[in-house]
J.: 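Below is a structure I'd like to ask you about.
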Amino acid sequence: MSIENILAGVAVEAVKELYGAQIDAAQVMPQATKKEFEGNLTIVVFPLLRASHKAPDVTATELGNYLVAHCDAVEKFNVIKGFLNITLKPTYWTSVLTRIATDDNYGFKPVTADSPLVMIEYSSPNTNKPLHLGHVRNNLLGYSLALIMAACGNRVVKTNIVNDRGIHICKSMLAWLKWGEGITPEKAGKKGDHLIGDFYVTFDVHYKQEVAQLMEQGLSKEEAERQSPLMQEAHDMLRRWEQGDEEVRSLWAMMNEWVYAGFDETYKRLGVSFDKIYYESQTYLEGKAKVLEGLEKGIFYRRDDGSVWADLTADGLDEKLLLRSDGTSVYMTQDIGTAKLRYEDYPIDSMIYVVGNEQNYHFQVLSLLLDKLGFKWGKDLIHFSYGMVELPNGKMKSREGTVVDADDLMDSMIETAREKSGEPGRLEGLTPAEREEVLRIIGLGALKYFILKVDPRKNMLFNPEESIDFAGNTGSFIQYTYARIRSILRKSCDDLSACQNLECHAPSEKETALIQRVADFATVVAEAGRTYSPALIANYAYDLAKQFNQFYHDCSILREEDDTCRQFRLLLSRTVAVTLRRAVGLLGMEMPERM
RNA sequence: GGUUCCGUAGCUCAGUUGGAUAGAGCAACAGCCUUCUAAGCUGUGGGCCCUGGGUUCGAAUCCCAGCGGAAUCACCA
């Protein structure tokens with residue numbers, strides 16, 4: 001149990017004994033004391049005045065006296081107006097430190113067979129183009145969220161629903177047949193996803209030419225788009241696909257394989273992974289069946305033209321199409337089908353969809369529909385909605401070529417890390433392979449931190465010109481702090497496990513503050529799990545690293561003459577390093593031993 | 001127009017369930033490498049927390065209204 005909870009418990013007793021009132025522990029939960037005041041933890045007593053019928057400072061003093069008498073860890077206190085500032089005993093801090101240092105799972109809740117099963121869907125790419133910056137944000141958020149939920153004591157299944165069918169992939173297939181038959185990723189020397197993406201662009205170029213020509217002949221834009229032979233061919237191909245045409249299907253399968261191979265490479269480099277992958281080509285028919293089932297039960301209704309709808313006006317929403325008049329599925333139908341399959345595969349307790357905020361409405365509707373269809377977690381499904389990544393000149397548009405490609409981005413991050421490490425001596429003594437590994441960790445760390453430190457809900461700005469910083473509030477700063485501590489530990493000859501006299505060391509103000517920050521890790525992880533916020537973890541890690549760097553510059557750890565003090569500081573440093581690595585690990589970031 | 005989300009330093013962002021004088025980084029300026037890694041540290045300047053009401057001991061935080069921005073409201077996915 002944390003010291004905050006213990007103090008709050010004693011404070012509840014105090015109020016009962018002193019004023020005869022029963023209060024909630026949350027009302028007297030201590031918070032970290034502001035650094036301008038003396039003390040470690042502060043209880044705000046204003047809420048207690050109703051019970052005490054005394055002035056704020058008197059109430060605080062009475063409570064303070066009670067805490068000193070009844071709580072071993074409390075050394076003394078001071079009162080400023082309604083703020084009761086509590087100073088804890090030095091021995092308390094050293095015991096906290098040793099406890100954290102020896103507990104490999106500090107801050108993490110254990111996962112058992114009874115733990116809630118949380119499924120997290122993220123990534124969910126289309127198979128007609130390579131991953132871009134928007135996907136990067138999605139993937140990093142989803143993967144980090146999975147790590148955080150697991151740290152908070154959930155069984156987690158990471159899943160990916162691949163949108164592998166539809167008109168978009170047909171466009172790429174058609175372009176390949178017309179202008180690139182015979183070309184393979186090997187022959188082109190390109191990743192498969194990039195190759196297919198190129199054909200998608202090729203299609204669009206030719207399509208636009210056709211439309212322009214038709215418009216010159218006097219057709220309106222809409223008519224031209226409809227009559228374009230290329231587009232008609234693409235639609236024809238989709239129809240053949242739906243009918244199971246062998247020629248189309250085998251081409252489709254081959255090209256999808258190319259794309260998957262490319263995706264796998266990108267995922268691997270990003271450091272994300274999945275436990276179970278679903279494909280829309282396998283789920284869309286399930287959705288159709290489920291909708292028809294709902295139709296029979298009277299949950300949905302059929303219009304005269306044969307289309308099937310859900311009436312959500314009673315829930316404050318519109319009517320929603322579920323099956324077209326020709327009986328084919330729409331997006332929503334597929335999501336229902338995917339949900340059905342997932343529910344059959346896993347006993348899911350809760351479901352988190354990591355999908356951009358442009359689909360807020362879609363998930364509002366999906367939640368209602370799944371609930372009506374009887375899915376246990378339908379009503380409470382969580383749409384982890386994140387904002388878009390914007391460029392300085394506006395949004396990313398694939399047609400206008402203003403997308404930031406995920407693979408290119410990772411390359412350039414690593415290149416920038418290389419430039420920044422150009423100073424002599426920095427990576428000396430490492431083999432070329434080790435050096436590359438360090439640069440990879442730093443480059444990707446910078447990218448991950450840059451994206452995850454921002455509140456997911458907000459749109460964020462990415463400036464490719466300025467790229468991503470490696471100084472200041474960055475992933476590199478945290479990694480640097482870690483590498484620095486590792487260096488100290490390598491050079492210290494002390495056997496850390498042998499330090500017996502730590503109790504004799506009275507930590508300084510800065511040291512207690514640092515221990516306190518380290519101890520906060522448990523609370524921060526729990527909070528991040530409750531609010532689904534990797535950003536909380538990121539900013540915590542930065543704060544801790546910042547605080548350590550200040551501490552580092554205040555004292556010379558290795559040259560400290562007092563043995564007890566040196567060992568204490570070494571242990572503190574090591575604990576900070578371990579905590580930093582754990583925190584950053586929840587973001588999917590790695591730590592270099594040196595940099 | 002309906003719904004949802006956002007509005008904090010010149011810029012990019014924090015601000016933990018309402019708490020004390022609102023914090024970082026970047027950019028600018030001034031210092032610190034003979035000392036464990038200067039991707040660092042110290043200092044200076046920079047704010048009607050969009051506006052106006054309300055709730056209370058106390059509001060950047062909660063409620064209402066307005067203003068500004070974003071997304072969405074397809075027989076697209």
Side-chain angles (χ1 to χ4, degrees), chain A residues 26 29 31-34 36-37 42 44-47 49-50 56 80-83 85 124 126 163 165-168 280 303 305-309 316-318 320-326 328-332 334-335 356-362 364-365 385 387-388 390 395 417 420-421 423 425-426 442 446 450 453-455 457-463 466 469-481 483-492 520 523-524 527-528 530-531 533 535-536 538-540 542-543 546 549-550 552-560 570 573 594-595:
Chain A
M29 194 57 75
Q31 290 149 23
T33 304
K34 298 262 175 190
E36 339 37 294
F37 301 98
T42 297
V44 185
V45 301
F46 288 109
L49 302 184
R50 214 178 294 264
I80 298 170
K81 290 186 288 186
F83 297 92
N85 299 321
S124 309
N126 288 350
N163 182 16
R165 56 156 230 126
I167 190 72
H168 49 83
E280 281 192 0
R303 287 189 183 170
D305 62 4
S307 56
V308 176
W309 295 73
L317 301 175
D318 288 332
K320 189 74 191 174
L321 176 82
L322 296 176
L323 288 177
R324 296 192 187 97
S325 46
D326 63 4
T328 55
S329 302
V330 293
Y331 179 36
M332 186 64 73
Q334 294 172 14
D335 262 356
N357 62 10
E358 73 271 16
Q359 294 190 27
N360 285 353
Y361 181 72
H362 174 81
Q364 225 179 321
V365 173
S385 164
M388 332 193 88
E390 286 168 3
K395 294 188 181 22
K420 306 267 174 188
S421 72
E423 291 146 51
R426 181 146 280 164
I442 296 171
F450 180 83
K453 74 170 175 178
V454 183
D455 182 341
R457 283 170 304 189
K458 292 183 179 173
N459 288 0
M460 63 178 293
L461 186 76
F462 177 81
N463 190 339
E466 295 169 11
D469 288 338
F470 286 72
N473 184 353
T474 63
S476 317
F477 174 83
I478 300 169
Q479 291 170 325
Y480 176 72
T481 307
R484 213 178 210 184
I485 298 174
R486 295 299 299 164
S487 172
I488 294 175
L489 295 176
R490 273 195 301 274
K491 287 181 180 160
S492 82
D520 282 346
T523 324
V524 172
E527 183 66 12
R530 196 177 63 77
T531 58
S533 177
L536 218 55
N539 286 291
Y540 165 79
Y542 173 71
D543 276 354
K546 174 92 184 158
N549 269 291
Q550 292 166 350
Y552 170 92
H553 280 271
D554 278 353
C555 62
S556 220
I557 298 171
L558 288 176
R559 305 194 323 161
E560 177 58 56
L570 281 170
S573 302
R594 55 184 87 211
M595 68 184 274

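Model, not experiment: these values are computed from the prediction. Proteins get letters first, then strands, A, B, ... in listed order; numbering begins at 1 in each. Note that these values count all heavy atoms, side chains included, but never hydrogens, waters or copies made by symmetry.
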J.: Side chain of A:Q550 only, please: which of B:rU4, B:rA38, B:rC41 is the nearest?
T.: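 It is B:rC41.
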
J.: Any protein N or O atoms within reach of nucleotides 7-10 of chain B? Criterion: under 3.5 Å, listing atom names and distances.
T.:
unit_1: B:rG7; atom_1: OP1; unit_2: A:K458; atom_2: NZ; d: 3.4

J.: According to a strict under-4.0 Å criterion, is A:R457 in side-chain N/O contact with OP1 or OP2 of B:rC6?
T.: yes

J.: Hey, is the main chain of A:S329 close enough, under 3.5 Å, to the side chain of A:R324 for a donor-acceptor pair?
T.: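 Between the backbone of A:S329 and the side chain of A:R324 there is a qualifying donor-acceptor contact (under 3.5 Å).
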
J.: Expressed as a whole number of angstroms, how long is the span from A:F462:CZ to B:rC11:P?
T.: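 Rounded to the whole Å, the gap is 20 Å.
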
J.: Considering only the P atoms, how many Å lie between B:rA59 and B:rU51, rounded to the nearest integer?
T.: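 The same atom, P, in both gives a distance of 15 Å.
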
J.: Quick one: which of B:rU37, B:rA77, B:rC26 gets closest to the side chain of A:Y331?
T.: B:rA77

J.: Are any of A:K546's side-chain N or O atoms less than 4.0 Å away from OP1 or OP2 of B:rC41?
T.: yes

J.: State whether the side chain of A:N459 and the backbone N or O of A:G387 hold a donor-acceptor pair below 3.5 Å, judged by distance alone.
T.: no

J.: Apply the syn/anti split at 90° from 0 to B:rC67 and say which one it is.
T.: anti

J.: Looking at B:rA39, B:rA77, B:rU17, which one has an atom nearest to any side-chain atom of A:R530?
T.: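 In terms of side-chain proximity for A:R530, the closest of B:rA39, B:rA77, B:rU17 is B:rU17.
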
J.: Looking at every heavy atom in both A:F470 and A:S476, which two are closest together, and how far apart are they?
T.: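 Smallest heavy-atom distance, with atoms named: CD2-OG, 3.1 Å.
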
J.: With both distances kept under 3.5 Å, what pairs with B:rC49, Watson-Crick or G-U wobble?
T.: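 Partner of B:rC49: none.
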
J.: B:rG68 pairs with which nucleotide, Watson-Crick or G-U wobble, both distances below 3.5 Å?
T.: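 Checking every strand shown, B:rG68 finds its partner in B:rC6, with both distances under 3.5 Å.
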
J.: Classify the nucleic acid contact of A:I442 as base, sugar-phosphate or nothing, counting any heavy atom under 4.0 Å across all strands shown.
T.: base

J.: Within the structure shown, what part of the strands sits under 4.0 Å from A:E280 by heavy-atom distance: base, sugar-phosphate, or nothing?
T.: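 Answer is sugar-phosphate: A:E280 comes under 4.0 Å of backbone atoms only.
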
J.: How many whole angstroms separate atom CZ of A:F450 from atom P of B:rC13?
T.: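 Checked: the CZ to P distance equals 7 Å.
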
J.: Applying a 4.0 Å non-hydrogen cut-off, can you work out what A:Y540 is touching in the nucleic acid: base, sugar-phosphate, or nothing?
T.: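 Answer is nothing: A:Y540 stays at 4.0 Å or more from every strand.
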
J.: At less than 3.5 Å, do the side-chain atoms of A:N85 and the base atoms of B:rA20 form a donor-acceptor pair?
T.: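 Between B:rA20 and A:N85, which were checked side chain against base, a qualifying N/O pair under 3.5 Å is present.
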
J.: Assess whether side-chain hydrogen bond (donor to acceptor under 3.5 Å, both in side chains) is satisfied between A:E527 and A:Y540, documenting all intermediate values.
T.: CA-CA 11 Å; A:E527 183 66 12; A:Y540 165 79; over 6 Å; no

J.: With sequence neighbours left out, write down each residue that passes side-chain contact (heavy atoms from CB on, under 4.5 Å) with A:N473, or none if nothing qualifies.
T.: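 A:Y449, A:K453, A:N539, A:Y542.
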
J.: Using a heavy-atom cut-off of 4.0 Å across all strands, would you classify A:L536 as base, sugar-phosphate, or nothing?
T.: sugar-phosphate

J.: Counting only side-chain heavy atoms from C-beta out, which of B:rU4, B:rU35, B:rA24 sits nearest to A:Y542?
T.: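 Selected nucleotide (nearest to the side chain): B:rA24.
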
J.: Ignoring hydrogens, what is the shortest heavy-atom contact between A:T474 and A:D469? Give both atom names and the distance.
T.: CG2-O, 3.4 Å

J.: Could you tell me whether the side-chain ring of A:Y361 sits stacked on the base of B:rU72, using a centroid cut-off under 5.5 Å and a plane angle under 30°?
T.: no

J.: Applying a 3.5 Å limit to both distances, which nucleotide forms a Watson-Crick or G-U wobble pair with B:rU61?
T.: none

J.: Would you say the base of B:rG40 stacks on A:F477 (centre-to-centre below 5.5 Å, plane angle below 30°)?
T.: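 Base of B:rG40: not stacked against A:F477.
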
J.: Closest to the A:E527 side chain: B:rU16, B:rC26, B:rG40?
T.: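 It is B:rU16.
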
J.: Applying side-chain contact (heavy atoms from CB on, under 4.5 Å) to A:R484 and A:N549, what does each step give before you reach the verdict?
T.: CA-CA 9 Å; A:R484 213 178 210 184; A:N549 269 291; 2.3 Å; yes

J.: What's A:D455 touching, base or sugar-phosphate or nothing? Going by heavy atoms closer than 4.0 Å.
T.: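 If one applies the 4.0 Å heavy-atom cut-off, A:D455 turns out to touch the sugar-phosphate alone, with no base involved.
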
J.: Mind calculating the distance between CD1 (A:I80) and C1' (B:rG19) to the nearest angstrom?
T.: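 Computing the A:I80:CD1 to B:rG19:C1' distance gives 13 Å.
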
J.: Going by purine N1 to pyrimidine N3 plus the second Watson-Crick contact, or the G-U wobble pair, all under 3.5 Å, which nucleotide sits opposite B:rC29?
T.: B:rG43

J.: So which nucleotide from B:rA39, B:rU12, B:rA38 ends up closest to the side chain of A:R484?
T.: B:rA38

J.: Using a heavy-atom cut-off of 4.0 Å across all strands, would you classify A:V44 as base, sugar-phosphate, or nothing?
T.: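 Here A:V44 touches the bases of the nucleic acid.
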
J.: From B:rC36, B:rA39, B:rA14, pick the nucleotide closest to the side chain of A:S487?
T.: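 From the listed options, B:rC36 comes nearest.
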
J.: Under 4.0 Å from OP1 or OP2 of B:rG25: is there any side-chain N or O of A:K453 that close?
T.: no

J.: Does this structure show an ion pair linking A:D455 with A:R457, if we count only N-O contacts that are shorter than 4.0 Å?
T.: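 Salt bridge: yes.
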
J.: Mind listing the closest non-hydrogen atom pair of A:F37 and A:I80 along with its distance?
T.: CD2-CD1, 3.3 Å

J.: Tell me which nucleotide among B:rA20, B:rC73, B:rU35 gets nearest to the side chain of A:F83.
T.: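 Of all the options, the side chain of A:F83 is nearest to B:rA20.
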
J.: Check whether any side-chain nitrogen or oxygen of A:R324 sits under 4.0 Å from OP1 or OP2 of B:rA77, and answer yes or no.
T.: yes

J.: Where the side chain of A:N459 is defined as all heavy atoms beyond and including C-beta, which of B:rU12, B:rA71, B:rA70 is the nearest nucleotide?
T.: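 Looking only at side-chain atoms, A:N459 lies closest to B:rA70.
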
J.: Once you round it to whole Å, what is the distance between P of B:rU72 and CE of A:M332?
T.: 15 Å

J.: Between B:rC63 and B:rU3, how many Å separate the two P atoms, rounded to a whole number?
T.: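 About 16 Å, rounded to a whole number of Å.
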
J.: Which part of the nucleic acid, if any, lies within reach of A:A483 when heavy atoms closer than 4.0 Å are counted: base, sugar-phosphate only, or nothing?
T.: base

J.: If you look at every strand shown and take non-hydrogen atoms under 4.0 Å, does A:T42 touch a base, only sugar-phosphate, or nothing?
T.: base

J.: Examine distances only and state if a side-chain atom of A:T481 and a backbone atom of A:F477 form a donor-acceptor pair shorter than 3.5 Å.
T.: yes

J.: Between B:rC67 and B:rC48, how far is it from one C1' atom to the other, in whole Å?
T.: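 It works out to 16 Å between them.
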
J.: Apply side-chain contact (heavy atoms from CB on, under 4.5 Å) to residues A:V45 and A:F83 and explain how you reach the verdict.
T.: CA-CA 6 Å; A:V45 301; A:F83 297 92; over 6 Å; no

J.: For B:rU8 versus B:rG45, give the span between their P atoms, rounded off to a whole number of Å.
T.: 23 Å

J.: Tell me the partner of B:rU55, counting only Watson-Crick (N1-N3 plus N6-O4 or O6-N4) or G-U wobble (N1-O2 and O6-N3) with both under 3.5 Å; none if nothing fits.
T.: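 Partner of B:rU55: none found under 3.5 Å.
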
J.: Determine the contact category for A:Q31: base if any of its heavy atoms lies under 4.0 Å from a base atom, sugar-phosphate if only primed atoms, P, OP1 or OP2 are that close, otherwise nothing.
T.: base

J.: For A:D335, report the nucleic acid contact type (base, sugar-phosphate, nothing); a contact means any heavy atom under 4.0 Å.
T.: nothing

J.: Nearest-Å distance, CE (A:M388) to C1' (B:rG69)?
T.: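 Nearest whole value for this atom pair: 14 Å.
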
J.: Which of these nucleotides, B:rA71, B:rU37, B:rA39, is closest to any side-chain atom of A:R594?
T.: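 Between B:rA71, B:rU37, B:rA39, the one nearest the side chain of A:R594 would be B:rU37.
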
J.: Decide if atom CZ of A:R490 counts as having more than 12 heavy atoms of other residues, nucleotides or ligands within a radius under 6.0 Å.
T.: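 Enclosed.
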
J.: For B:rU12, give the paired nucleotide (Watson-Crick: N1-N3 plus N6-O4 or O6-N4; G-U: N1-O2 and O6-N3; both under 3.5 Å), or none.
T.: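 Pair assignment: B:rU12 / B:rA24.
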
J.: Rounded off to whole Å, could you give me the CG-to-P distance for the A:N473 and B:rA39 pair?
T.: 17 Å

J.: Could you check whether A:K34 gets within reach of a base, just the sugar-phosphate, or nothing at all, counting any heavy atom under 4.0 Å?
T.: base

J.: Report the residue (A:M29 or A:Q364) whose heavy-atom-nearest nucleotide on RNA chain B is the more 5′ of the two.
T.: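 Looking at RNA chain B, the more 5' nearest nucleotide goes with A:Q364.
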
J.: Let me spell it out: for each of A:N163 and A:P47, pick the nucleotide of RNA chain B with the closest heavy atom. Which residue's pick is nearer the 5' end?
T.: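 It is A:P47, whose closest nucleotide lies nearer the 5' terminus.
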
